[in-house]
Amino acid sequence: MTAFTVALVLVVAAAGLLRWRRPAWYWLAFGVTLAALRVLVRYRSVMDACGLTVPPARWRLSLARATNRPIPEPRPPRIRRLRPTRTGLVLRLKLRPGQDVFDIAAASDRLRHSFSMFGVTSREVRSGVVEVRMTGYDVLKRVQMPAETETLPMRVPVALREDGSVHYRDYRAIPHALTLGATESGKSVYQRNLVAGLAPLDVALVGIDCKQGVELFPLARRFSALADSPDTAAELLDALVARMADVYRLIRTQQRITVDVPDAEIAADIWDLPEELRPTSVVVLVDEVAELALYATKEEERRRDRIITALVRLAQLGRAAGIYLEICGQRFGSELGKGITMLRAQLTGRTAHRLNDETSANMAFGDIAPDAVLAAIQIPAELRGLAIAGDSSGGWHRIRAPHTSLRQAVNLCNRYADRTPDLPELAPFRPTTGTATELVPSAKAAPATA
């Protein structure tokens with residue numbers, strides 16, 4: 001056996017081992033080159049087989065007949081760029097006249113099989129240009145967030161999408177969101193990633209955890225206010241409504257509506273104010289909304305109406321005042337009482353982990369993205385953390401947050417405890433944490449449910 005044969009056998013064995021144990025390393029070392037060659041070689045025949053070609057132009061047919069040449073072949077979309085990424089390939093196509101972006105989307109599954117890729121998704125970049133993202137392996141099986149992500153105000157990376165891109169929670173684009181999930185579906189880990197992403201930012205975190213604070217109180221050093229019972233939550237929400245009114249009065253006094261002020265500089269929300277006058281943004285995290293809506297006595301019913309009314313007001317008016325809602329629960333239907341559907345209509349962002357029934361999925365996506373309902377109820381129980389994320393535009397994605405243990409989240413909150421703003425309106429609800437908690441290496445912590 002020659003040295004070349006031995007080296008070839010070793011390379012093939014190493015590639016097979018990497019593909020089995022470390023698919024991301026295999027993709028970067030071998031897969032990306034093989035996949036790019038496969039796409040370029042098969043491109044024309046695959047597009048023809050998938051019905052993504054158009055007949056040649058009439059002048060080409062006339063020219064071929066006049067010169068007695070072979071009839072030109074049908075034309076596929078033109079490749080404008082083929083770019084490799086850490087998880088797959090990005091193919092940018094220029095559509096031919098008569099083609100539509102929905103043709104590419106409808107053929108995504110056939111393209112996946114033809115190019116031997118793990119997944120294929122498409123989106124329209126602009127008129128006539130489509131971006132096809134192909135993943136070379138299952139990026140959601142073992143989530144690895146990229147080392148560098150885009151940093152913008154009030155925009156944090158929380159998960160990875162099935163096409164390999166980062167899923168961001170952008171509060172300025174989608175101010176309020178709803179997160180649903182059954183027990184042991186990964187909802188708590190998603191919430192920890194959200195808190196971990198917000199911890200380094202100049203933002204006030206407000207938590208409502210009616211499970212006696214077992215989910216949010218370990219992270220108390222980074223929270224400006226916390227409530228662990230419906231009674232405290234009602235008072236806390238009233239304080240937030242009062243703060244919202246104060247912020248609007250500040251915006252009104254600083255609107256600068258004069259003839260010499262350009263339209264773009266007229267203040268209509270806190271982001272139009274000068275930085276030295278801009279109030280601190282507030283993110284309100286509600287761990288289990290059903291505990292705020294359930295009641296058994298008349299007194300509890302009055303408290304419940306007070307809480308839901310405050311949440312609806314914050315959802316309708318809070319964006320311009322820099323108050324954003326993150327509401328979590330296992331169900332969010334009309335059985336929770338009056339005002340619930342009005343509140344749900346204001347929650348633009350929707351994220352659904354594994355759900356126990358189709359009705360719960362309809363609560364999340366039935367009014368904005370019906371196609372996502374079937375995907376939400378097909379999430380297997382063993383894939384904790386896998387979720388469907390959508391918004392009012394009708395688009396949706398499969399996402400999965402990286403595993404973050406409670407110890408890792410606590411360490412991050414303790415590290416950025418000095419960034420916790422002290423808001424006078426919320427001072428009575430400031431959690432008492434005592435001395436700083438010692439940072440424990442994450443490796444020593446027991447693994448939490450993903």
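Below, all heavy atoms of this structure are taken into account, side chains as well, without hydrogens, waters or symmetry copies. Since we're looking at a predicted model, the values are computed, not measured.
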Working note: Leu152 + Arg172, criterion side chain to side chain contact (heavy atoms under 4.5 Å, CB included); need CA distance, chi angles, decisive distance, verdict. CA-CA 10 Å; Leu152 293 173; Arg172 295 188 64 179; over 6 Å; no

Just do the side chain to side chain contact (heavy atoms under 4.5 Å, CB included) check on Arg38 and Met117 with the steps written out, would you? CA-CA 10 Å; Arg38 191 163 56 242; Met117 304 295 287; 4.0 Å; yes

How far apart are the C-alpha atoms of Thr53 and Arg44, what are their side-chain angles, what is the distance that settles it, and do they pass the side chain to side chain contact (heavy atoms under 4.5 Å, CB included) test? CA-CA 9 Å; Thr53 57; Arg44 180 176 289 275; over 6 Å; no

Do any N or O atoms from the side chain of Asp209 and from the backbone of Val214 form a donor-acceptor pair under 3.5 angstrom? yes

Atom CZ of residue position Arg278 - does it have more than 12 heavy atoms of other residues, nucleotides or ligands inside 6.0 Å? yes

For the pair Lys211 and Glu291, find out whether any cationic side-chain nitrogen is under 4.0 Å from an anionic carboxylate oxygen. no

From Leu347 CG over to Ile174 CD1, what is the distance, rounded to the nearest 0.5 angstrom? 11.5 Å

Note, Leu325 side chain near Val286 side chain (heavy atom, < 4.5 Å): no

Considering all heavy atoms, the nearest Arg161-Val139 contact: O-CG2, 3.5 Å

Kindly compute the distance separating CD1 (Ile104) from CG (Leu95), expressed to the nearest 0.5 Å. 5.5 Å

Test item: Arg42 and Ser114 side chains (from C-beta on) under 4.5 Å apart, heavy atoms: no

Using the rule side chain to side chain contact (heavy atoms under 4.5 Å, CB included), only one of Leu343, Leu317, Ile340 pairs with Val312; which is it? Leu343

Between Arg304 (side chain) and Leu336 (backbone), is there a donor-acceptor pair under 3.5 Å? yes

Relative to Tyr168, does Arg155 satisfy both conditions: NZ or CZ under 6.0 angstrom from the six-membered ring centre, and within 45 degrees of the ring's axis? yes

Checking side chain to side chain contact (heavy atoms under 4.5 Å, CB included) against Leu178, which of Met363, Arg344, Gln346 comes through? Arg344

Arg354 (side chain) donor-acceptor with Thr183 (main chain) under 3.5 angstrom: yes

Indicate whether the side chain of Asp357 and that of Ser360 have a donor and an acceptor atom separated by less than 3.5 Å. yes

Side chains of Arg243 and Val247: does their closest heavy-atom pair fall under 4.5 Å? yes

Considering only heavy atoms from C-beta outward, does the side chain of Leu285 approach that of Val206 to under 4.5 Å? no

Looking only at side-chain N and O atoms, does Asn411 offer a donor or acceptor that is under 3.5 Å from a partner on Arg415? no

Atom CD in Gln99, atom CZ in Arg75: separation rounded to 0.5 Å? 9.0 Å

Working to the nearest 0.5 Å, report the span between CG of Leu111 and OG of Ser116. 12.0 Å

Between Ile377 and Ala361, what is the shortest heavy-atom contact and its length? CG2-CB, 3.6 Å

On a heavy-atom basis, which atom in Gln191 and which in Cys328 lie closest, and how many Å separate them? NE2-SG, 3.6 Å

Report the C-alpha separation of Leu237 and Leu311 in whole Å, then their side-chain angles, then the decisive distance to 0.1 Å, and conclude whether the side chain to side chain contact (heavy atoms under 4.5 Å, CB included) test is met. CA-CA 7 Å; Leu237 290 172; Leu311 284 174; 3.8 Å; yes

For Glu276, is the CD atom crowded, meaning more than 12 foreign heavy atoms sit under 6.0 Å from it? yes

Could you pull out the closest heavy-atom pair between Glu326 and Leu194, with the gap in Å? CD-CD2, 3.5 Å

At what distance, to the nearest 0.5 angstrom, does CZ of Arg78 lie from NZ of Lys94? 7.0 Å

Determine yes or no for a side-chain-to-main-chain donor-acceptor pair under 3.5 angstrom, with Asp163 supplying the side chain and Thr121 the backbone. no

Count the heavy atoms belonging to other residues, nucleotides or ligands that lie under 6.0 Å from CZ of Arg419, then report whether that count exceeds 12. yes

Using atom types as modelled and distance alone, determine if a side-chain donor or acceptor of Asp138 lies under 3.5 Å from a backbone N or O of Phe118. no

Main-chain N/O of Gly186 paired to Arg384 side chain as donor or acceptor, under 3.5 Å: no

Which pairs with one or both residues in residues 308-365 pass ring-ring contact (aromatic ring centres under 6.0 Å, His included), sequence neighbours excluded? Tyr171-Tyr324, Tyr190-His353

Decide if atom CD of Gln316 counts as having more than 12 heavy atoms of other residues, nucleotides or ligands within a radius under 6.0 Å. yes

Check Leu198 against Val203 and note the closest heavy-atom contact, atom names and distance. O-CG1, 3.6 Å

Report yes or no: does Arg96 contribute a side-chain atom to a donor-acceptor pair with the main-chain N or O of Pro76 at less than 3.5 Å? yes

Closest non-hydrogen atoms of Leu386 and Arg400, given as atom of the first, atom of the second and distance, are N-CG, 3.8 Å

Any side-chain heavy-atom pair of Phe223 and Thr420 under 4.5 Å: no

Which residue pairs satisfy the ring-ring contact (aromatic ring centres under 6.0 Å, His included) criterion with at least one member in residues 67-107, sequence neighbours excluded? none

Is it true that a side-chain atom of Trp27 and a backbone atom of Thr85 form a donor plus acceptor pair closer than 3.5 Å? yes

More than 12 heavy atoms of other groups within 6.0 Å of Arg86 CZ: yes

All salt bridge (Lys or Arg N to Asp or Glu O under 4.0 Å) counterparts of Asp103, not counting sequence neighbours: none

Does Glu148, at its CD atom, have more than 12 non-hydrogen atoms belonging to other residues, nucleotides or ligands within less than 6.0 Å? no

Exam field: side chain Arg350 to backbone Ala364, donor-acceptor pair closer than 3.5 Å: yes

If you round to the nearest 0.5 Å, how far is CG of Leu205 from SG of Cys413? 7.5 Å

Counting only N and O atoms by type, is there a donor-acceptor contact under 3.5 Å from the side chain of Asp109 to the main-chain atoms of Arg112? no

